[in-house]
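Note on naming: letters A, B, ... go to the chains in the order of the sequence lines (proteins, then strands), and numbering restarts at 1 for each one. Atoms considered below: every heavy atom in the structure, side chains included; atoms not considered: hydrogens, waters and symmetry mates.
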Number of protein chains: 2
Amino acid sequence: MANTARIAPASVVQTATTKVHEVIKQRILDGHYQAHEYIREANIARELDVSRTPVREALRELVSEGWLEMIPHHGSRVTAWTEKDAREVFELRLVLEPMAVRMASERMTRECLTKLEAMASHMEQLTEMADTTPSIRNEIASINHEFHRELIHASGNQRLGAVLESVVRTSVIRRNFSHYDLASLRRSMRHHREILEAIKVGSPLWAEQIMSAHLLAAKSLNGRFSDSAES
Amino acid sequence: MANTARIAPASVVQTATTKVHEVIKQRILDGHYQAHEYIREANIARELDVSRTPVREALRELVSEGWLEMIPHHGSRVTAWTEKDAREVFELRLVLEPMAVRMASERMTRECLTKLEAMASHMEQLTEMADTTPSIRNEIASINHEFHRELIHASGNQRLGAVLESVVRTSVIRRNFSHYDLASLRRSMRHHREILEAIKVGSPLWAEQIMSAHLLAAKSLNGRFSDSAES
DNA sequence: TTGTCTATTGTTGTATGCAATCTTGGGGTT
DNA sequence: AACCCCAAGATTGCATACAACAATAGACAA
């Protein structure tokens, strides 16, 4: 492990490849690139003022991460998501997120719990303003996303976090509560509270089951693309 | 979807990059490259008689898939596995494989079941010869691996398969039953049979629970690196 | 002896040119 | 009209050259 120590944090080193990678990823997320749209190496290279080499390397990475699909001698295009994809992702979340909560409840620290409770409180406050100010829902969605991430992180299983991150990323595109009525929004907030309660009293099973319910409730509100909605 | 139809199967097209990718992956699997060993671009390029460009592209892919870790301006080396990694992987398997079996039991086809039963029979036969011919255990391990893969595939959730593949691959390095006593080996075979029975009578829960037991039993036999053993 | 600076060397990062491949459109044939 | 063939254009795949960076060893000073 002596080697590991002197390794520079890869994230701070900005190579042309990482730059291209980030730009393309961002453009996919914000809809600048649409599903099935081809990304031509020469175009993006000219745009970002680099050669095709770092572009190609970034594309390879994005393919491995599932953002793009590449056909040899044909090109790379943005992966499109079908209903089947949505279903598959939801099925995985429905197993992995409850697992994360169960594990988190077995090793939760005092400060992490405090942090989560603060987030829950914040979301509850915002919820009561959601009806008058629609844009608030975006803010709730953002905090909610962080809440789930924090819980997963608290599971202590890094791979679990990585898997969920890579599998759920599709949903990042549109994460909001715009289709929630106030009652459903409040129920969602109560779920958060209940999960934290279960963790506090040391009941992994309780926490796990509420998380399942939490996800299933969200799914029922979202129709077809249920998994891509926040929960 | 008109586009999708005319897309050539990427797997049959052999580019230099895919060749390098496969060679390095194989060398990691069979131990030719050891943990923490650096893979120098120029070396492998010279060896496989290609330029550094496809080598670099292959390395990027292997990094994304978790086989290598890359430090900018420093190099790529084989990722080493700690006990923590082993634990994390086992925890994920323990959730995902039972899930796969449950789902598989809800959509199992006649022919797939027949195929699985044939594999189970074959393994049972080999098991009775395992004591006299130790090398047989390798063959059992190989079939067993296929058995599990087939079950996961039958779940109908492609992502689940991809996740398990990417997460469990570490265990591929040494998959054998060499540390199983005959009784444990027989129990493992009975588990396979029981899973198939549960599927046949349409009891997803039964199948799921046996799979859990199957994995936990395997873990108990393997001590520290339990997850890297076959099950 | 220890620490620091620097030249050297090895390795990776990027640009560019060319080869290989695929797509497309036009002309010809049936 | 439908089909096939082929050539031109577009795009990716790969090789090579060079630039940027990091590690190392040796000289020199404290």
>> Run the side chain to side chain contact (heavy atoms under 4.5 Å, CB included) test on B:Trp81 and B:Val89 for me, step by step, so that the C-alpha distance in whole Å, both residues' side-chain angles and the decisive distance to 0.1 Å come before the verdict.
In response: CA-CA 11 Å; B:Trp81 288 77; B:Val89 169; 4.0 Å; yes
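Using a 4.0 Å cut-off between charged side-chain N and carboxylate O, A:Arg77 and A:Glu37 make no salt bridge. Looking at A:Arg87 and A:Glu83, no side-chain N of the basic residue comes within less than 4.0 Å of a carboxylate O on the acidic one, giving no salt bridge.
Listed by chain and residue number, B:Glu146, B:Glu165 satisfy the salt bridge (charged side-chain N to carboxylate O under 4.0 Å, His left out) test with B:Arg149 (two or more places apart in sequence, or in another chain). A:Thr17 is linked by a side-chain hydrogen bond (donor to acceptor under 3.5 Å, both in side chains) to A:Glu57, counting only residues two or more places apart in sequence or in another chain. With sequence neighbours excluded, no residue satisfies side-chain hydrogen bond (donor to acceptor under 3.5 Å, both in side chains) with A:Arg40.
The aromatic rings of A:His192 and A:Phe147 sit tilted, their planes meeting at an angle between 30° and 60°.
No hydrogens or angles considered: nothing links the side chains of B:Asn138 and B:Ser135 as a donor-acceptor pair under 3.5 Å.
In this structure, the CZ atom of A:Arg46 is 11 Å from the P atom of D:dT12, given to the nearest Å. Summarising the geometry, the separation between CG on A:Asp49 and P on C:dA15 is reported as 8 Å, rounded to the nearest angstrom. D:dT11 atom C1' lies 12 Å from atom CE of A:Met70, rounded to whole Å. Atom CZ in A:Arg77 sits roughly 16 Å away from atom P in D:dT11 (whole-Å rounding). As rounded to whole Å, 17 Å separates atom P of C:dA20 from atom CD of B:Gln14. Atom NZ in B:Lys19 sits about 12 Å away from atom C1' in D:dC14, given to the nearest Å.
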Look for any protein N or O under 3.5 Å of an N or O in nucleotides 6-11 of chain C and output each such pair with its distance, or none.
| unit_1 | atom_1 | unit_2 | atom_2 | d |
| --- | --- | --- | --- | --- |
| C:dT11 | O3' | B:Arg40 | NH1 | 2.9 |

Pairwise N/O distances under 3.5 Å, protein to nucleotides 8-10 of chain D:
none

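Atom CD of A:Glu47 is surrounded by more than 12 heavy atoms from other residues, nucleotides or ligands within 6.0 Å. Counted within 6.0 Å of CG on B:Asp30, heavy atoms from surrounding residues, nucleotides or ligands total more than 12; the atom is thus considered enclosed.
Interface residues of residues 52-65 of chain A facing DNA chain D, ordered by number: A:Arg52, A:Arg56; criterion, heavy-atom separation under 4.0 Å.
In this structure, A:Ser76 reaches neither bases nor backbone, as no heavy-atom distance under 4.0 Å exists between it and the strands shown.
A donor-acceptor contact shorter than 3.5 Å links the side chain of A:Ser64 to the backbone of A:Arg60.
The phosphate of C:dT14 (OP1 or OP2) has no side-chain N or O of A:Ser51 nearer than 4.0 angstrom.
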